[in-house]
Q: 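Right, I'll just put the structure down here and ask away after.
Quick note: numbers below take in every heavy atom, side chains included, and nothing from hydrogens, waters or symmetry partners. It should be emphasised that the depicted structure is a prediction, and the values quoted were computed from it without experimental measurement. Letters A, B, ... mirror the listed sequences (proteins, then strands); counts begin at 1.
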Protein chains: 2
Amino acid sequence: MLLSKSCVYGLRAALYLAAKRDGSYYSIRTMSEELDISFHFLTKILQQLTADSLLESYKGPNGGVRLSAKGKKSTLFDLVIAIDGPGLFTECALGLPGCGSEEPCPLHNSWIDTRASIENMLKRTNLTKIAEEGKEKHFRLTADGHFSWS
Amino acid sequence: MLLSKSCVYGLRAALYLAAKRDGSYYSIRTMSEELDISFHFLTKILQQLTADSLLESYKGPNGGVRLSAKGKKSTLFDLVIAIDGPGLFTECALGLPGCGSEEPCPLHNSWIDTRASIENMLKRTNLTKIAEEGKEKHFRLTADGHFSWS
DNA sequence: TTAGTTTAAGACAATAAACTCTTAAATAGG
DNA sequence: CCTATTTAAGAGTTTATTGTCTTAAACTAA
């Protein structure tokens, strides 16, 4: 699996918030139901993003989370780093510490290119742009197509 | 992590066998020590490759495992499929079942390209060719550079 | 001020992945 | 035949990931 489940849930939630392009707070409970993700688990993941200032949260009635200014400008790469850390983009494909161009593993030269293409894919556009594109193309964020981009 | 640890261990062991270009049997115990992988764990992984006819095994004194004819022709892709299964090359990056060009997730179009580049990287050459290249370039298979391509 | 709502925090439980250990079966060589 | 060696098979353990539950803190509105 390329990304952990935590990471995938975090991405889907961030995309959900980007899709709602007003800047209001959305409750994690509602998001968890619409995206079909465990509420408590999603809460913990979004706390990481809040701690990283990609989200802003507000407690109490009508509270919830929303994208921060930083979050709106951020790319999927930034979200992946915040949740899964940088390992995917720094480590040897065979897990060999010290693998590099001086002493490469058999995959090294191929892997650095492929790794860069993964990185570029995730860096291509920020959340605001993905949200605009999503409105045109009606991207899905759920298994059942239950989510509607608005 | 792109590949599971089981898969990485399996790849390193298969590359080890490819590096020894004589067709003799190598004991899993020796391989586990030279590659610094748990013996019993490596045994189980190599059993999967044997079951898939990528390796041949022989019991008893001077026994061990070696690449089969199929194994020598196989690519790293074949080994990954044998150990981790096809998920990496078939599933949606956001884990959404039914994701496809009709109803894509926000990553879909980028991901199918990136996924193909991972697949191509792993399919590029077979084990015999990697072994030849490894002899020229002295690829590493261990953390400590302890392995010598011969 | 009080009750209800929501995120924060952390303990806890279930599952999966990674790793270990024991026993069985096959083989070689004395 | 007997013993040592090696893979096969599978049970068991540990660790990491995923998921659940409870309590606290912040906030709203009546």
Q: So which atom in A:Thr142 and which in A:Arg140 form the shortest heavy-atom distance, rounded to 0.1 Å?
A: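 Minimum heavy-atom contact is O-CD, 3.5 Å.
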Q: Within this structure, what is the CG-to-C1' distance between A:Asp84 and D:dT18, rounded to whole angstrom?
A: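 It works out to 13 Å between those atoms.
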Q: Once you measure the plane-to-plane angle for B:Trp149 and B:Phe139, does it fall in the parallel (<30°), tilted (30-60°) or perpendicular (>60°) bin?
A: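 B:Trp149 and B:Phe139: perpendicular rings.
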Q: Given that A:Ile28 and A:Lys44 both sit by DNA chain C, which one's nearest nucleotide is further toward the 5' end?
A: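 It is A:Ile28, whose closest nucleotide lies nearer the 5' terminus.
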Q: Nearest whole Å is fine: how far is D:dA16 P from A:Phe41 CZ?
A: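 Nearest whole value for this atom pair: 16 Å.
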Q: Toward the 5' end of DNA chain C, which comes first, B:Phe39 or A:Arg29, by nearest nucleotide?
A: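 Looking at DNA chain C, the more 5' nearest nucleotide goes with A:Arg29.
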Q: Over how many whole Å does the gap from B:Leu42 atom CG to D:dT6 atom P extend?
A: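 Value for this atom pair: 15 Å.
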Q: Between which nucleotides of DNA chain C, 5' to 3', does chain B make heavy-atom contacts below 4.0 Å?
A: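 Answer, 5' to 3': C:dA18 to C:dA28.
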Q: If you assign A:His40 and B:Thr50 each to the DNA chain D nucleotide with the nearest heavy atom, which residue ends up on the more 5' nucleotide?
A: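 It is B:Thr50, whose closest nucleotide lies nearer the 5' terminus.
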Q: May I have the step-by-step check of side chain to side chain contact (heavy atoms under 4.5 Å, CB included) for A:Leu96 and B:Arg12, ending in yes or no?
A: CA-CA 10 Å; A:Leu96 300 175; B:Arg12 286 171 55 208; 3.9 Å; yes
Q: Any side-chain N or O of A:Ser6 under 4.0 Å from OP1/OP2 of D:dT18?
A: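 Answer is yes, contact under 4.0 Å.
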Q: Does the plane of the ring in A:Phe147 sit parallel, tilted or perpendicular to the ring in A:Tyr16? Use 30° and 60° as the thresholds.
A: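 Judged by the thresholds at 30° and 60°, the geometry between A:Phe147 and A:Tyr16 is tilted.
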Q: Mind calculating the distance between CE (B:Met31) and P (D:dT6) to the nearest angstrom?
A: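 One finds 14 Å between P of D:dT6 and CE of B:Met31, rounded.
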Q: Expressed in angstrom and rounded to an integer, what is the separation of B:Met1 atom CE from D:dT15 atom P?
A: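 Distance, rounded to whole Å: 17 Å.
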Q: With a 4.0 Å limit, can you tell me whether A:Lys5 has a side-chain N or O closer than that to the phosphate oxygens OP1/OP2 of D:dG19?
A: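 For D:dG19, OP1 or OP2 has a side-chain N or O of A:Lys5 closer than 4.0 Å.
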Q: Please pick, from D:dT18, D:dA25, D:dT28, the nucleotide with the shortest atom-to-atom distance to any side-chain atom of A:Lys59.
A: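 Selected nucleotide (nearest to the side chain): D:dA25.
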Q: Look at all strands and tell whether A:Tyr58 reaches a base, only sugar-phosphate, or nothing, counting heavy atoms closer than 4.0 Å.
A: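 Touches sugar-phosphate only.
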Q: When the distance from OH of A:Tyr25 to P of D:dA26 is rounded to whole Å, what number comes out?
A: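 Interatomic distance, OH of A:Tyr25 to P of D:dA26: 16 Å.
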Q: For D:dT17 and A:Ser4 - does any side-chain N or O of the residue sit under 4.0 Å from the phosphate oxygens OP1/OP2?
A: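 Checking A:Ser4 against D:dT17: no side-chain N or O falls below 4.0 Å of OP1 or OP2.
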Q: Grab the CG-C1' distance between A:Asn62 and D:dA26 for me, whole Å please.
A: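 Atom-to-atom, A:Asn62 to D:dA26, this comes out as 14 Å.
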Q: Between A:Leu3 and B:Ile112, is there a shared hydrophobic cluster once you connect ILVMFWY residues whose side-chain heavy atoms come closer than 4.5 Å?
A: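 Different clusters.
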Q: Under a 4.5 Å side-chain heavy-atom rule over Ile, Leu, Val, Met, Phe, Trp and Tyr, are A:Leu79 and B:Met1 clustered together?
A: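 Shared cluster, no.
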Q: Nearest-Å distance, CD (A:Gln47) to C1' (D:dA26)?
A: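 Checked: the CD to C1' distance equals 14 Å.
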Q: Taking all atoms of both residues into account, what is the closest heavy-atom pair of B:Ser101 and B:His108, and its distance?
A: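 Heavy-atom minimum between the residues: N-NE2, 3.5 Å.
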